[in-house]
Amino acid sequence: MTQLQITGMTCDSCAKHVKQALEKVPGVRSARVSYAAGTAQLAVASDTPLVALTSAVASLGYRAALVDAPSAPPRKSPLAKAVGLLGGGLKAAGKSGTLHVAVIGSGGGAMAAALKAVEQGPRVTLIEPSTIGGTCVNVGCVPSKIMIRAAHVAHMRREGPFDAGVTASRPVIDGARLLAQPQGRVDVLRRAKYEDILGGDRLVSGCAELAQAFARLGSLVTVLGRGTLFFREDRAVGEAITAAFRTEGIEVLEHTRARQVERANGEFVLTTGDGDVRADRLLVATVRTPNTRSLGLEVAGVEINQQGAIVVDPDMRTSNANIFAADDCTDQPQFVYVAAAAGTRAAVNMTGGAAKLDLSAMPAVRFPDPQVATVGLSEAEAHFKGFETDSRTLSLDNVPRALANFDTRGFIKLVAEAGSGRLLGALGVTPEAGALIRTAVLAIRARMTVHELANQMFPYLTMFDGLKLCAQAFTKDMTQLSSCAG
């Protein structure tokens, strides 16, 4: 009998999923998993590798370790292992004089750094202590967006703006098969975009997103917020998303803090200042912290901040001149495209180049429906930086594409520098706002004015047209314009 210690489970349902995953591993004859004890009792064939068992658990976002394993030498930290690979120095050349680069991790930033470093000529070693691919492909962006899209499809089958002419029907949700779809796609993408590229050798803002997905898949959902939804953004964003949620039957409790959580009579009981909230399932969507404690950074003289994030300069260089860092372990914005850009620049700089990471026109996207996308400065941020601003907000009932879709939820807002009209920031709360915001990114990068933006040709009928209309609103009355006015 093999016994594993399982960490990360939060309920009996977690134990059920772990059991199912373990029983799919070749060589596993039976599995008993206990959430209360945090263990898995397994009957396995003698040749079943331990890594197959721990990987099956890791694929669900939990961790597994063998109980009463034979004593082993102290495990080196990944950083110590990297130093060993480099021959005892943090920057070393091999026998041929070729620079040897060790990359810790295999997420977006690590992969970008490794691939770019190879292009520059050094020998590269990738060190991954867990599942290859990092957060995004395994437990973050990819599986969550698949689930959100599935929920959107279910929602549109149940109700939509064309129900008067297109008969709606209540979808049947097969939870087990639905959950299997994201995992299948994750496996494919991990192989295609990570493992195969390397040669085959081996739930945040997510609460505004996943809450809506769960509701659309048939759950009764209550969202607790210590402030308002999207409180760090323009106030209108939170108001628009809260209205959208409540329209779909989601209860949003603003300015509500959970003081205590208990498990009683098979349900969770959250004690708040306004009474108790009861639920069958509990999703805790809190701030993510960098996983840097086991790296031994203090030995290498690498500075971290109070949150445990590695402090880097615009070159991605840490306080140790020979160590560079990128991705979510640093104090940079936690977006996979930022990680990839940072990783690429780190590789260029560690091989003698000079590449800076400019985040002045960094887009950010959240995926409720309607989506929320931003770039550049908000009005408050612009004022803090000393800009006098002029702004316009265009409701979607002024956008022909939104009218044609019978879906006018949301708005587009542009922030410009007063006087010059230079575009400083843009905000979209619209369907497919993530695509729309890219045009604003390029406009800010090109230092365009809203007047120049207003004179561009945009394809009709598209949501992109809303950017032009919002820019035209700086000088024109939108109610007096034709829907395709140039």
Side-chain angles (χ1 to χ4, degrees), residues 1-81 84 104-107 126-135 137-140 142-143 175-191 194-196 198-203 263 266 281-284 291-296:
M1 185 68 71
T2 298
Q3 180 170 318
L4 298 178
Q5 186 73 41
I6 312 293
T7 57
M9 295 190 296
T10 59
C11 62
D12 290 329
S13 181
C14 296
K16 180 180 178 181
H17 292 146
V18 171
K19 172 181 167 66
Q20 292 171 343
L22 287 170
E23 288 178 337
K24 292 179 181 178
V25 176
V28 175
R29 301 189 183 101
S30 66
R32 290 186 300 165
V33 182
S34 169
Y35 157 61
T39 60
Q41 300 281 350
L42 306 172
V44 300
S46 59
D47 60 347
T48 303
L50 175 62
V51 67
L53 304 175
T54 57
S55 295
V57 176
S59 69
L60 300 177
Y62 313 121
R63 291 187 178 181
L66 186 64
V67 175
D68 296 327
S71 60
R75 183 182 177 185
K76 288 185 177 181
S77 72
L79 185 58
K81 186 179 294 185
I104 299 174
S106 65
L126 193 72
I127 302 171
E128 172 54 69
S130 184
T131 306
I132 194 169
T135 296
V137 71
N138 288 309
V139 296
V142 173
R177 295 180 68 180
L178 185 61
L179 288 172
Q181 281 189 290
Q183 188 58 51
R185 184 52 54 90
V186 164
D187 293 341
V188 169
L189 287 175
R190 186 194 301 121
R191 285 193 296 271
Y194 293 86
E195 294 173 356
D196 289 352
L198 294 175
D201 291 332
R202 26 173 208 152
L203 283 89
R263 181 78 171 163
R281 298 288 186 269
L282 176 63
L283 170 64
V284 181
N291 183 19
T292 58
R293 293 184 179 180
S294 62
L295 289 175

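No hydrogens, no waters, no symmetry mates; every other heavy atom, side chains included, goes into these values. Since the model is a prediction, treat every value here as computed from it, not as a measurement. Numbers for residues simply follow the sequence, beginning at 1.
Between M1 and A43 the shortest heavy-atom distance is SD-N, 3.9 Å. Heavy-atom minimum distance, L126 versus G105: CD1-O, 3.1 Å. Among all heavy-atom pairs drawn from I6 and Y62, the shortest one is CG2-CB, 4.2 Å. Between R63 and N291, the closest heavy-atom pair is NH2-ND2, 3.7 Å. Here the closest heavy-atom approach between residue V25 and residue A56 is recorded as CG2-CB, 3.6 Å. The shortest non-hydrogen separation linking A31 to L42 is CB-CD2, 3.4 Å.
Within the 4.5 Å cutoff, the side chain of L50 has heavy atoms near those of the L4 side chain.
Considering only residues two or more places apart in sequence or on other chains, Q20 meets the side chain to side chain donor-acceptor pair (under 3.5 Å) condition with none of them. Residues satisfying the side chain to side chain donor-acceptor pair (under 3.5 Å) criterion with E23, sequence neighbours excluded, are K19.
With values rounded to the nearest 0.5 angstrom, T2 atom OG1 is found 11.0 Å from L22 atom CG.
Sequence neighbours left out, the pairs with a member in residues 29-44 that pass side chain to side chain donor-acceptor pair (under 3.5 Å) are Q3-Q41.
By the 6.0 Å contact criterion, CZ on R263 is enclosed, its count of non-hydrogen atoms from other residues, nucleotides or ligands being greater than 12.
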